[in-house]
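Both counts, for ligands and for their atoms, begin at 1 and track the order of listing.
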Amino acid sequence: LSLKETVIRPELFEVEGVPLTQPIGSTWDQVWKFKARPDDVLIATYAKAGTTWTQEIVDMVQQNGDTEKCKRETTYKRQPFLEWFIPEPPSLRYSGLELAEAMPSPRTIKTHLPVQLLPPSFWEQNCKIIYVARNAKDNLVSYYHFHRMNKGLPDPGTWEEFVEKFMTGKVLWGSWYDHVKGWWKAKDKHRILYLFYEDMKENPKQEIQKIAKFLEKDLSQEVLNKIVHSTSFEVMKNNPMANYTKDFQGIMDHSISPFMRKGTVADWKNHFTVAQNEKFDEDYKKKMSDTSLVFRMEL
Ligand code: A3P
């Protein structure tokens with residue numbers, strides 16, 4: 001058997017009602033006790049909201065636009081993915097916790113945890129947090145294709161089945177609706193910069209400037225323009241340190257659907273049927289009736 005065939009998709013395991021993977025569940029106590037440091041920067045997102053893009057922007061800002069420094073390692077190792085844990089096989093082992101603990105400060109850490117599951121030390125240490133949200137339909141489409149190509153995730157089933165699972169929150173990291181609303185609420189009490197994928201697409205320079213300001217970095221126009229360029233979809237798609245072609249060989253199959261898939265707003269229009277869309281909208285209205293949060297489904 002080739003390595004590809006020996007990877008078994010994980011089962012989901014609920015932690016406080018939120019579906020995570022079995023390995024994350026087995027190390028949950030350690031995740032919860034994680035010791036954040038005051039100068040940690042946390043990038044929090046629902047999966048497929050533009051995490052990798054934001055990670056690259058943050059690293060570029062921190063490195064003053066030095067593209068070579070940003071190529072020191074893959075995204076995945078430059079910025080530990082806090083809760084992610086793949087115990088075996090040894091060649092594919094990954095422990096975000098171990099990576100983070102061994103990393104000298106200042107650290108930038110990634111998480112997909114919903115706000116109520118964030119280890120308390122991040123609040124206690126008053127860490128800076130950048131949250132990125134993406135409209136539900138595009139987020140769902142991207143998540144569906146990601147499940148297809150990534151054997152580290154449960155089987156998505158058919159498109160119809162996946163839409164249903166997404167709407168009911170029966171997917172890894174739980175309900176998209178609760179995730180975006182929970183973090184939106186948290187921003188009134190904590191140091192959180194809440195950004196939107198659609199704004200980043202529409203005006204990347206402006207959103208990068210917000211990030212730089214939040215990180216207290218004064219960047220020249222020249223450096224800003226350089227960051228806009230090197231974090232564009234086309235450039236990142238061809239950057240092996242950012243496009244996930246160097247990590248998870250045997251787990252991610254880019255021939256099924258590349259990690260850097262489309263990088264656009266409103267691709268959902270190519271996936272939802274009219275009936276599906278109506279059903280989704282009706283349910284969405286109910287689930288989002290108790291928040292001031294507004295998304296743009298197209299530009
Ligand atoms: P699509 O599947 O819609 O193409 P995450 O990093 O949270 O897993 O999100 C992945 C999504 O962000 C994918 O969306 C991917 O193509 C998109 N993406 C990655 N880099 C991007 C960039 N520089 N600009 C725009 N979208 C980007």
Side-chain angles (χ1 to χ4, degrees), residues 42-61 67 70 74-84 96 108-114 130-150 152-153 156 159 162 166 171-173 176 179-180 183 195-208 211 225-248 251-254 256-272 295-299:
L42 183 72
I43 298 172
T45 56
Y46 190 78
K48 308 319 284 178
T51 327
T52 315
W53 186 12
T54 310
Q55 286 178 270
E56 194 65 19
I57 293 172
V58 167
D59 198 26
M60 280 290 280
V61 167
T67 43
C70 293
T74 60
T75 312
Y76 208 56
K77 299 202 177 108
R78 270 181 276 157
Q79 301 163 336
F81 182 2
L82 183 66
E83 67 272 22
W84 198 240
T108 299
I109 296 171
K110 157 189 167 179
T111 187
H112 289 320
L113 291 171
I130 299 172
Y131 186 83
V132 183
R134 185 179 194 181
N135 82 69
K137 293 178 192 173
D138 283 331
N139 204 135
L140 188 168
V141 167
S142 184
Y143 210 10
Y144 171 66
H145 290 294
F146 191 52
H147 275 77
R148 291 173 54 234
M149 66 83 79
N150 185 352
L153 309 179
W159 161 249
F162 192 78
F166 184 92
V171 285
L172 180 52
W173 287 294
W176 173 92
H179 207 283
V180 296
W183 280 98
L195 301 173
F196 295 91
Y197 182 97
E198 293 75 25
D199 295 346
M200 288 166 66
K201 274 307 282 192
E202 190 174 60
N203 193 342
K205 190 167 174 180
Q206 177 185 295
E207 301 309 298
I208 292 168
I211 291 175
N225 290 335
K226 195 175 168 193
I227 298 177
V228 171
H229 173 76
S230 63
T231 59
S232 68
F233 180 76
E234 288 69 28
V235 173
M236 277 183 64
K237 190 178 171 78
N238 291 313
N239 177 359
M241 291 308 192
N243 66 15
Y244 279 94
T245 52
K246 278 182 151 235
D247 291 303
F248 307 113
I251 293 189
M252 288 188 185
D253 185 345
H254 295 261
I256 295 176
S257 178
F259 183 90
M260 293 289 169
R261 196 183 59 89
K262 279 198 177 169
T264 57
V265 176
D267 186 40
W268 61 268
K269 293 186 176 179
N270 300 314
H271 290 75
F272 283 73
F295 284 90
R296 290 189 293 166
M297 307 275 189
E298 56 194 300
L299 289 180

Checklist entry - If you count the atoms of ligand 1 from 1 in the order shown, which ones are under 4.0 Å from a heavy atom of Ser232? => result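 Ligand 1 atoms under the 4.0 Å threshold to Ser232: 23 (N).
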Checklist entry - What atoms in ligand 1 come closer than 4.0 Å to a heavy atom of Met236? => result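 Those atoms are 20 (N), 23 (N).
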Report yes if [X] has an N/O atom closer than 3.5 Å to an N/O atom of ligand 1; otherwise report no.
| X | value |
| --- | --- |
| Gly263 | yes |
| Thr264 | no |
| Ala47 | no |
| Thr52 | yes |
| His112 | no |

Item to check | Student check: side-chain heavy atoms of Gln206 and Met200 closer than 4.5 Å | outcome: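 Contact flag for Gln206/Met200 side chains = no.
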Checklist entry - With a 4.5 Å heavy-atom cut-off, do Gln79 and Ile109 have their side chains touching? => result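 The answer is no, as the side chains (C-beta and beyond) never meet within the 4.5 Å cut-off.
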For this output row, return yes or no: ring centroids of [X] and [Y] closer than 6.0 angstrom.
| X | Y | result |
| --- | --- | --- |
| His147 | Phe166 | no |
| Phe81 | His112 | yes |
| Trp176 | Tyr143 | no |
| Tyr144 | Trp268 | no |
| Trp173 | Trp84 | yes |

Between [options], which one has a non-hydrogen atom sitting closest to [atom]?
| atom | options | answer |
| --- | --- | --- |
| atom 3 (O) of ligand 1 | Lys48, Arg134, Lys201 | Arg134 |
| atom 17 (C) of ligand 1 | Tyr197, Trp53, Trp268 | Tyr197 |
| atom 19 (C) of ligand 1 | Met260, Glu234, Met200, Lys262 | Met260 |

So which protein heavy atom does [atom] come closest to, and at what separation?
| atom | answer |
| --- | --- |
| atom 7 (O) of ligand 1 | Thr51 OG1, 2.4 Å |
| atom 1 (P) of ligand 1 | Ser142 OG, 3.4 Å |
| atom 15 (C) of ligand 1 | Phe259 O, 3.9 Å |

Next on the checklist: Is it the case that over 12 heavy atoms from other parts of the model lie below 6.0 angstrom from the NZ atom of Lys246?
Outcome noted: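 12 or below, so no.
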Next on the checklist: Can you tell whether the side chains of Arg261 and Asp267 come within less than 4.0 Å, N to carboxylate O?
Outcome noted: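 A salt bridge is present here (some side-chain N lies under 4.0 Å from a carboxylate O).
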Checklist entry - Does Ala242 approach ligand 1 within less than 4.0 angstrom via side chain, backbone, both or neither, non-hydrogen atoms only? => result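 The answer is neither.
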Item to check | salt bridge (Lys or Arg N to Asp or Glu O under 4.0 Å) between Glu56 and Arg78, intermediate numbers included | outcome: CA-CA 10 Å; Glu56 194 65 19; Arg78 270 181 276 157; 3.1 Å; yes
Item to check | Residue-ligand contact Thr231/ligand 1, heavy atom below 4.0 Å | outcome: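 Right, Thr231 reaches ligand 1.
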